[in-house]
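This chain uses plain numbering: 1 for the first residue, then up along the sequence.
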Amino acid sequence: MEEIEIEQTHMRVKSDIENHNLKRYIYMIRSDLKRYMMKNPDFRLSLEPLKLNADDLPPIVKKMNESSQCADIGPMATVAGTISEMSLDYLMEMDTRYSIIENGGDIALINDEKVLCGIYSNNEILGNEIAFEIKSRKRPLGICTSSGKIGHSISFGESESVTVISESPSIADGLATRIANDVTGESSEDKVYNALETAENFKKHFRGVLIISGDNVGTVGKLPKIVQTREFDVNIL
């Protein structure tokens, strides 16, 4: 397991590719993003999608902008998932068959053997003892989570966790935030129901959604098998 720390990017990488120099690539795309935000501060601050001229946008900005349009959310809501996705694309150009990239809870992976992906929600009932069982696959997958109670990202909802699974980690990241924003209501049941209604509006962009709030759990679409696992601490993975 390799850790990559560059300012706000806190990434863990497990890959069958050695000497990949991924840190240099991440530094480069982050620099492109920072330069663009200096020219266009609205890109950093907006909580809604922006209409941008796609010509001459840096690849990371273009990807974030496209995903924010899909998820109906501000572009910065997709940044962690986008960096994960572009990092996996970088490794796939080196013909990786097994790479898992976790960036602040947003995962991009391709795996030629079964892996378990823990569902970290700190929910009083479920705890941290469940995981997705991801079968061997030849195409990339994104597993991204947003929470109204864990982490530093902006969320207007009250979920323990909203996890979105999509072929695009960038879109999954934006959708996790968008859906989590609507985990609101007077009761736990209301919160999950309202978020499920929102998720239904975006079904063409994801494979499955898992919503955990209080003593209620909701799902949309097709999720991987959920299995019981030992309790884990996200800080020591």
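Met64 is listed as a side-chain neighbour of Leu33, based on a closest heavy-atom distance under 4.5 Å. Side-chain contact check for Leu22 versus Ile17: every heavy-atom pair is 4.5 Å or farther apart. Two residues are said to be in side-chain contact when any heavy atoms from C-beta on lie closer than 4.5 Å; Asn111 and Ile100 fail this criterion. Within the 4.5 Å cutoff, the side chain of Val164 has no heavy atoms near those of the His205 side chain. In this structure, the side chains of Lys191 and Asn216 stay at 4.5 Å or more apart for every pair of heavy atoms. For the pair Tyr25 and Ile29, the minimum side-chain heavy-atom distance is below 4.5 Å. Put simply, the side chain of Ile179 does not reach to within 4.5 Å of the side chain of Val220, judged on heavy atoms. Residues Asn103 and Thr9 form a side-chain contact, since some pair of their non-hydrogen atoms from C-beta on lies under 4.5 Å apart.
Distance check: Lys14 NZ to Glu102 CD gives 13.5 Å after rounding to the nearest 0.5 Å. Lys114 NZ to Lys135 NZ: the interatomic distance, rounded to the nearest 0.5 Å, is 10.0 Å. To the nearest 0.5 angstrom, Leu91 atom CG is 12.0 Å from Leu109 atom CG. Between Asp106 atom CG and Thr145 atom OG1 the span is 7.0 Å, to the nearest 0.5 Å. For the atom pair CZ (Arg30) and CD (Glu7), the distance works out to 4.5 Å, reported to the nearest 0.5 Å. Summarising the geometry, atom CD1 belonging to Ile101 is positioned 10.5 Å from atom OH belonging to Tyr90; distances are rounded to the nearest 0.5 Å.
A donor-acceptor contact under 3.5 angstrom links the side chains of Thr96 and Asp16, judged on distance only.
Placement of Ile110 and Leu141 in two distinct hydrophobic clusters is found when ILVMFWY residues are connected by side-chain heavy-atom separations under 4.5 Å, directly or transitively. Ile212 and Tyr193 are assigned to two separate hydrophobic clusters, defined by single-linkage of ILVMFWY side chains at heavy-atom distances under 4.5 Å. No continuous path of ILVMFWY side-chain contacts below 4.5 Å connects Ile4 to Tyr98, so the two sit in separate hydrophobic clusters. There is a path of hydrophobic side-chain contacts, each under 4.5 Å, that joins Val192 to Leu175. Residues Ile171 and Val209 are members of one and the same hydrophobic cluster, defined by side-chain heavy-atom contacts under 4.5 angstrom among Ile, Leu, Val, Met, Phe, Trp and Tyr.
Contact between Ile6 and Lys23 at its shortest, heavy atoms only, is CD1-O, 3.6 Å. Between Ile134 and Pro224, the closest heavy-atom pair is CD1-CG, 3.7 Å. The two atoms that bring Ser188 and Gly214 nearest to each other are OG-CA, 3.7 Å, heavy atoms only. In this structure, Ser170 and Glu85 approach most closely via the heavy-atom pair N-OE1, 2.9 Å. Between Ile211 and Ala195, the closest heavy-atom pair is CD1-CB, 3.6 Å. Considering all non-hydrogen atoms of both residues, Pro169 and Ala108 come closest at CG-CB, 3.6 Å.
Other residues, nucleotides and ligands place more than 12 heavy atoms under 6.0 Å from the CD atom of Glu167. Annotation for Arg97: atom CZ does not count as buried by contact number, only 12 or fewer foreign heavy atoms lying within 6.0 Å. Taking a 6.0 Å sphere around CG of Asn21, one finds it holds more than 12 heavy atoms contributed by other residues, nucleotides or ligands.
Its side chain within the 4.5 Å cluster rule, Leu116 clusters with Val227 among the Ile, Leu, Val, Met, Phe, Trp and Tyr residues.
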Please list every donor-acceptor pair under 3.5 Å in which a side-chain atom of residues 42-51 meets a protein atom from a residue at least two apart or in another chain.
unit_1	atom_1	unit_2	atom_2	d
Ser46	OG	Glu48	N	3.1
Ser46	OG	Glu48	O	2.6

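Evaluation of the side-chain contact (heavy atoms from CB on, under 4.5 Å) rule for Glu186 yields Asp190 as partners, not counting sequence neighbours.
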message = side-chain contact (heavy atoms from CB on, under 4.5 Å), that's the test. Do Ile143 and Thr163 meet it? Break it down for me.
response = CA-CA 7 Å; Ile143 305 173; Thr163 301; 3.8 Å; yes
task = With side-chain contact (heavy atoms from CB on, under 4.5 Å) as the test, would you mind laying out the steps for Val61 and Asn40 before giving the verdict?
result = CA-CA 11 Å; Val61 174; Asn40 186 355; over 6 Å; no
task = Let me see the working for Thr78 and Asp173 under side chain to side chain donor-acceptor pair (under 3.5 Å), right down to the final yes or no.
result = CA-CA 5 Å; Thr78 73; Asp173 189 11; 5.8 Å; no
